[in-house]
2 protein chains.
Amino acid sequence: MSTETPTAGRPRAFDENTVLDRAAEVFWRRGYEGASLSALTGAMGINRPSLYATFGSKEELFKRAFARYHDRQVATARAALDRPTAYAAIEAFLRSSADGLTADDHPPGCFSIQGGLASAPENARVSEALATGRAATEGVLRERLTRAAAEGDLPDDVDPRALARFVMVLSEGNAVHAAAGARRADLHAAVDIALRALPTRPGPATA
Amino acid sequence: MSTETPTAGRPRAFDENTVLDRAAEVFWRRGYEGASLSALTGAMGINRPSLYATFGSKEELFKRAFARYHDRQVATARAALDRPTAYAAIEAFLRSSADGLTADDHPPGCFSIQGGLASAPENARVSEALATGRAATEGVLRERLTRAAAEGDLPDDVDPRALARFVMVLSEGNAVHAAAGARRADLHAAVDIALRALPTRPGPATA
DNA sequence: ACTCCACTCTACTGCTCGGTACAAAAAATG
DNA sequence: CATTTTTTGTACCGAGCAGTAGAGTGGAGT
């Protein structure tokens, strides 16, 4: 099994996490259905049998690769949201999102969206897994804003769920633009405008 | 040729636009790469040779199907933008977008995005065609807002291009949510918040 | 009524897909 | 050093892919 640590036998010639990151990049760039096994093994630097012995199937490989991406995504989101006010948290979230969508150490845009928004029915589980991941990120945001509401850091008439959705919409729309090659400054310009929509303002708790 | 009108011979047993719309739905639901010829011909109600005689290739079929969708999209956008003020135009655009993304006479979400954000290199032209379509819609929006700026219907410090991009980001982010099954009310809630961000307000020209 | 010709249909092509069998290779254990 | 255990590499599998050949079909023009 891939999760166990064998005591004997020929040692693996590759690092599991390293090849997962390379696989993620292929899925990200080509989408699940556009990522052929040949492209994957080529980028990962391993052959098919090694891939199948380690990950079981293309779908499992995808899920493992996406899980790594998603965990980092959530960690980044949590870090950004760790700000004293709702306004600062949202701004940090959107700024780090815009930067992440245009970072040059990985493909432009968002794995959760490029991976496969729509797919053949037999691959529906993949699209669903991605949607679940995005929903989880939105959940982190929602928790933070719900806390802000409880702390009086949001006006009483603001629905934290709707606000979290709005922020995610912004981030996802920017992801679509980034996938098409938009420049970082363009994404931040959209964030600039969005921030004016917030029912809270810079500085300590408003009401 | 499909574009000529033959005077003799067996007449075509299907309507070109009808089968194009059915093809569009398959591409929309499954993405370009997830839409197999079997799925396409099945939904279109014609066989492969008819498809190839009429459209030439899968890629050409896709472009024709997308062109129809896109033309309607642009027409709808233009209609929505035909409002006296920038605020009203933007609101109408976003409302009709949210409704279109959740209409029940076609798949949820947006063909331009679900069709194929990312793809294998050999299908890159498809993703590019979709991105070009989205850029065209953004162009229509930008023209309207540029006119608003010229008319004094937007504050002088507002960049119509950035504002158009912001509105498109909203629409595209909502499309991602819609693809994942979001309800219409959720999309409108995001629009509600976005409208507060506008550097213009309901009613005749502000400044 | 006959001819013509575009369209329709079945059956096929070469190719690539995701996935696997099997034997050679290589490190740990005795 | 021989054995064991796991990984690696080559070469392959059936299935499904996009695309096509060619016989059959049926309405329009004469």
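Just the heavy atoms: all of them, side chains too, but no hydrogens, waters or symmetry mates, feed the values below. A note on names: the letters A, B, ... follow the listed sequences, proteins ahead of strands, and every chain is numbered from 1.
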Ordered by number, residues from residues 125-132 of chain A within less than 4.0 Å of DNA chain D (heavy atoms) are none
Donor-acceptor pairs are to be reported for all side-chain atoms of residues 43-51 of chain A against protein atoms at under 3.5 Å, with residues two or more places apart or in another chain.
residue	atom	partner	partner atom	Å
Arg48(A)	NH2	Ser38(A)	OG	3.0

By side chain to side chain contact (heavy atoms under 4.5 Å, CB included), Val140(A) pairs with (sequence neighbours left out) Val74(A), Arg78(A), Leu81(A)
Here the distance between atom C1' of dC17(C) and atom CG of Asn123(B), to the nearest Å, is 14 Å
For His177(B) and Glu172(B), run side chain to side chain donor-acceptor pair (under 3.5 Å): C-alpha distance rounded to whole Å, both residues' side-chain angles, the deciding distance at 0.1 Å, then the answer. CA-CA 9 Å; His177(B) 268 73; Glu172(B) 289 161 357; over 6 Å; no
Can I get a per-line list of side-chain donor-acceptor pairs under 3.5 Å for residues 102-113 of chain A, giving both atom names and the distance, sequence neighbours left out?
residue	atom	partner	partner atom	Å
Thr102(A)	OG1	Ala98(A)	O	2.9
Thr102(A)	OG1	Asp99(A)	O	3.4
Thr102(A)	OG1	Arg184(A)	NE	2.8
His106(A)	NE2	Gly100(A)	O	3.3

Name every donor-acceptor pair, under 3.5 Å, that has one atom in a side chain of residues 158-171 of chain A and the other anywhere in the protein, sequence neighbours excluded.
residue	atom	partner	partner atom	Å
Asp159(A)	OD1	Arg161(A)	N	2.9
Arg165(A)	NH2	Asp186(B)	OD1	3.2
Ser171(A)	OG	Ser97(A)	OG	3.0

Whole-Å distance, Leu51(A) CG to dG18(C) P, equals 11 Å
Glu60(A) atom CD is separated from dG19(C) atom C1', nearest whole Å, by 14 Å
5' to 3', nucleotides 9-19 of chain D under a 4.0 Å protein heavy-atom cut-off (B base, S sugar-phosphate only, - none) gives BB------SBB
Rounded to whole Å, CE of Met44(B) lies from P of dT8(C) at a distance of 11 Å
Contacts satisfying ring pair (Phe, Tyr, Trp, His ring centres under 6.0 Å) that involve residues 31-50 of chain A (not counting sequence neighbours) are Phe27(A)-Tyr32(A), Tyr32(A)-Phe62(A)
Contacts satisfying salt bridge (Lys or Arg N to Asp or Glu O under 4.0 Å) that involve residues 119-128 of chain B (not counting sequence neighbours) are Glu59(B)-Arg125(B)
Residues 108-121 of chain A vs salt bridge (Lys or Arg N to Asp or Glu O under 4.0 Å), sequence neighbours excluded, gives none
